[in-house]
There are 2 protein chains.
Amino acid sequence: MDYKAILSQKGHRLSEPRKQVIELLQQSKVALTPQQIHQALQQKNCKLGLVSVYRTLELLTELGLVTVVYDPQLNPGYMLSTLGHHHHIVCQGCHKAFEFAGSNDIDQLIKRVEKETSFQVSDHLLQLFGLCPDCQQKATGGGF
Amino acid sequence: MDYKAILSQKGHRLSEPRKQVIELLQQSKVALTPQQIHQALQQKNCKLGLVSVYRTLELLTELGLVTVVYDPQLNPGYMLSTLGHHHHIVCQGCHKAFEFAGSNDIDQLIKRVEKETSFQVSDHLLQLFGLCPDCQQKATGGGF
DNA sequence: AATCTAATTGAAAACATTTTTCAATAAGGA
DNA sequence: TCCTTATTGAAAAATGTTTTCAATTAGATT
Ligand SMILES: [Mn+2]
Ligand SMILES: [Mn+2]
Ligand SMILES: [Zn+2]
Ligand SMILES: [Zn+2]
């Protein structure tokens, strides 16, 4: 079941702007800001307003199909997500981001913090940062 | 060693705006946006420009003394941080946020993801969300 | 295929946030 | 007290987001 199918299944129309935003995000390896999405589509001769980009991202976020990815060096951007429990790992060199499956690894941490704080934890935000294989090479092999 | 001391120790001047922003953040239990900081200080009859709030937050962030706290329902805000490895837990009811000590709990997760992705992980962003003790009461006891 | 209707769009304006600029100020050392 | 220069504030510019509303169009109905 692909993103467009999910959209229409939930009773939302398959408009041209929505199709274009989704297709662009499907191809992108980096999180994109609304402006970046708008510009990229303009260059592909897709006429659509920046407003529609915002509205599409809002809708897709509601449906859980896109995720905000934070990157200290960049404005927050959006990426398509597969459904289910997962997080993102972001390259500090080229800013490519990838999903990884969430696990129960932080369950113990959550239990600990619940005890310490008396909070009832129901959600979490987790991202990893580092260097992707390509950027590791550039970093070490850079001298010669 | 308090925040003001650290500031001046690093060769930064202890200006009135900086003192005021730090003191306000020290008292606050919620992450504050630049605007909120500015308004709060105006009401305390501290004359300072919004620009100085931005500049102070930028400096304190560089020094690692403040941390950005994300809250899906709010604009990102700033909180003072103690030095060292820690993260924040945010109440989805009253938006109060608290630090908790970072641990090696996610080391295994990081190892796993490094193997899966061939990334070299060097940093991470982790926040927990839930209900603080007070808001748990309001939620359960709310009926009568 | 033509018609209908409400969801969706785009353009513009309004609103909000952040950064830049630069002359005036003031912190802290001499 | 004087000096130097980091820092400030006001204004403008730049950037980012939301609202409004008439025009369009996706998809259902005939
Ligand atoms: Mn997880
Ligand atoms: Mn940690
Ligand atoms: Zn990379
Ligand atoms: Zn609470």
Side-chain angles (χ1 to χ4, degrees), chain A residues 2-25 30-63 65-66 68-78, chain B residues 2-24 31-63 65-66 68-78:
Chain A
D2 80 341
Y3 295 92
K4 296 184 205 163
I6 293 174
L7 250 194
S8 68
Q9 195 200 8
K10 300 247 178 181
H12 301 284
R13 292 186 182 173
L14 230 53
S15 67
E16 210 47 45
R18 284 173 184 170
K19 281 192 242 174
Q20 296 297 340
V21 170
I22 291 173
E23 275 179 20
L24 180 69
L25 287 179
V30 303
L32 298 172
T33 65
Q35 284 76 11
Q36 289 175 321
I37 293 170
H38 183 235
Q39 287 176 4
L41 291 178
Q42 293 277 312
Q43 290 180 339
K44 288 178 65 181
N45 283 335
C46 310
K47 291 170 199 159
L48 89 175
L50 178 57
V51 202
S52 293
V53 176
Y54 276 100
R55 290 191 278 223
T56 298
L57 291 173
E58 187 184 23
L59 175 63
L60 294 176
T61 301
E62 274 173 33
L63 298 177
L65 300 179
V66 310
V68 177
V69 175
Y70 300 103
D71 186 334
Q73 308 165 62
L74 269 46
N75 289 332
Y78 295 83
Chain B
D2 80 340
Y3 295 91
K4 295 183 207 164
I6 294 175
L7 250 195
S8 70
Q9 195 202 6
K10 299 250 178 179
H12 301 282
R13 291 185 183 174
L14 229 54
S15 67
E16 209 47 47
R18 286 174 183 170
K19 281 191 240 172
Q20 296 298 338
V21 169
I22 292 173
E23 274 180 19
L24 179 69
L32 298 173
T33 64
Q35 285 76 10
Q36 289 173 322
I37 293 170
H38 184 234
Q39 286 174 6
L41 291 178
Q42 293 279 310
Q43 289 178 341
K44 289 178 65 181
N45 283 335
C46 310
K47 292 170 198 160
L48 90 174
L50 177 56
V51 202
S52 292
V53 177
Y54 276 100
R55 289 191 279 224
T56 298
L57 291 173
E58 186 183 23
L59 175 63
L60 295 176
T61 301
E62 275 173 31
L63 298 177
L65 299 179
V66 310
V68 177
V69 175
Y70 299 104
D71 185 335
Q73 307 163 64
L74 268 49
N75 290 333
Y78 295 82

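Bear in mind that the values here come from a model prediction, so they are computed numbers and not experimental data. The chains referred to below are lettered A, B, ... by the order of the sequence lines, with proteins before strands, and numbering in each begins at 1.
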query: Heavy-atom distance under 4.5 Å between the side chains of B/Ile37 and B/Leu57, does that happen here?
result: yes
task: Any chance you could measure B/Asp2, atom CG, to B/Glu23, atom CD, to the nearest 0.5 Å?
output: 9.5 Å
The helix from C/dA1-D/dT30 to C/dA30-D/dT1: angle between end helix axes, five pairs per end, rounded to 10 degrees: 40°
task: Starting at atom NZ of B/Lys19, determine the distance to atom P of D/dT7, rounded to an integer number of angstrom.
output: 14 Å
message: Within residues 37-48 of chain B, which residues have any heavy atom lying less than 4.0 Å from an atom of DNA chain D?
response: B/Lys47, B/Leu48
Mind listing the N/O atom pairs, protein and nucleotides 26-30 of chain C, below 3.5 Å?
residue	atom	partner	partner atom	Å
C/dA27	N3	B/Arg13	NH1	3.1
C/dG28	OP1	B/Leu14	N	2.7

Within the sub-3.5 Å range, which N or O atoms of nucleotides 15-19 of chain D have a protein N or O partner, and how far apart are they?
residue	atom	partner	partner atom	Å
D/dG16	OP1	A/Asn75	ND2	3.4
D/dT17	OP2	A/Gln35	NE2	3.3
D/dT17	OP2	A/Tyr54	OH	2.3
D/dT17	O5'	A/Tyr54	OH	3.1

Separation between OH of A/Tyr3 and CG of A/Leu63, rounded to the nearest 0.5 Å: 12.0 Å
message: Counting C-beta onward and ignoring hydrogens, is there a side-chain heavy-atom pair between B/Val68 and B/Tyr78 closer than 4.5 Å?
response: yes
- line: Shortest non-hydrogen pair, A/Gln20 vs A/Cys46, comes out as OE1-SG, 3.3 Å
message: Could you tell me how far apart A/Gln9 (CD) and D/dA28 (P) are, to the nearest whole angstrom?
response: 14 Å
query: Can you list the residues that meet the side-chain hydrogen bond (donor to acceptor under 3.5 Å, both in side chains) rule with A/Glu62, with sequence neighbours excluded?
result: none
Any side-chain heavy-atom pair of A/Leu48 and A/Gln42 under 4.5 Å: yes
message: To check you understand the geometry: which heavy-atom pair defines the closest contact between A/His12 and A/Arg18, and what is its length?
response: CB-NH1, 3.7 Å
task: With sequence neighbours excluded, tell me which residues meet side-chain hydrogen bond (donor to acceptor under 3.5 Å, both in side chains) with A/Lys10.
output: none
message: Is the shortest side-chain heavy-atom distance between B/Asn75 and B/Gln35 below 4.5 Å?
response: no
message: Any heavy-atom pair between the side chains of A/Leu7 and A/Ile22 that's under 4.5 Å?
response: yes
message: Rounding to an integer number of Å, can you tell me how far B/Glu58 CD sits from D/dA6 P?
response: 16 Å
Nearest-angstrom distance from the residue atom CD of A/Gln20 to P of C/dG10: 11 Å
- request: For the pair A/Glu16 and A/Lys19, evaluate salt bridge (charged side-chain N to carboxylate O under 4.0 Å, His left out) and give the outcome as yes or no after the intermediate values.
  value: CA-CA 5 Å; A/Glu16 210 47 45; A/Lys19 281 192 242 174; 3.6 Å; yes
- prompt: Looking only at heavy atoms, which two atoms of B/Pro34 and B/Val53 are closest? And how far apart?
  reply: O-CG1, 3.7 Å
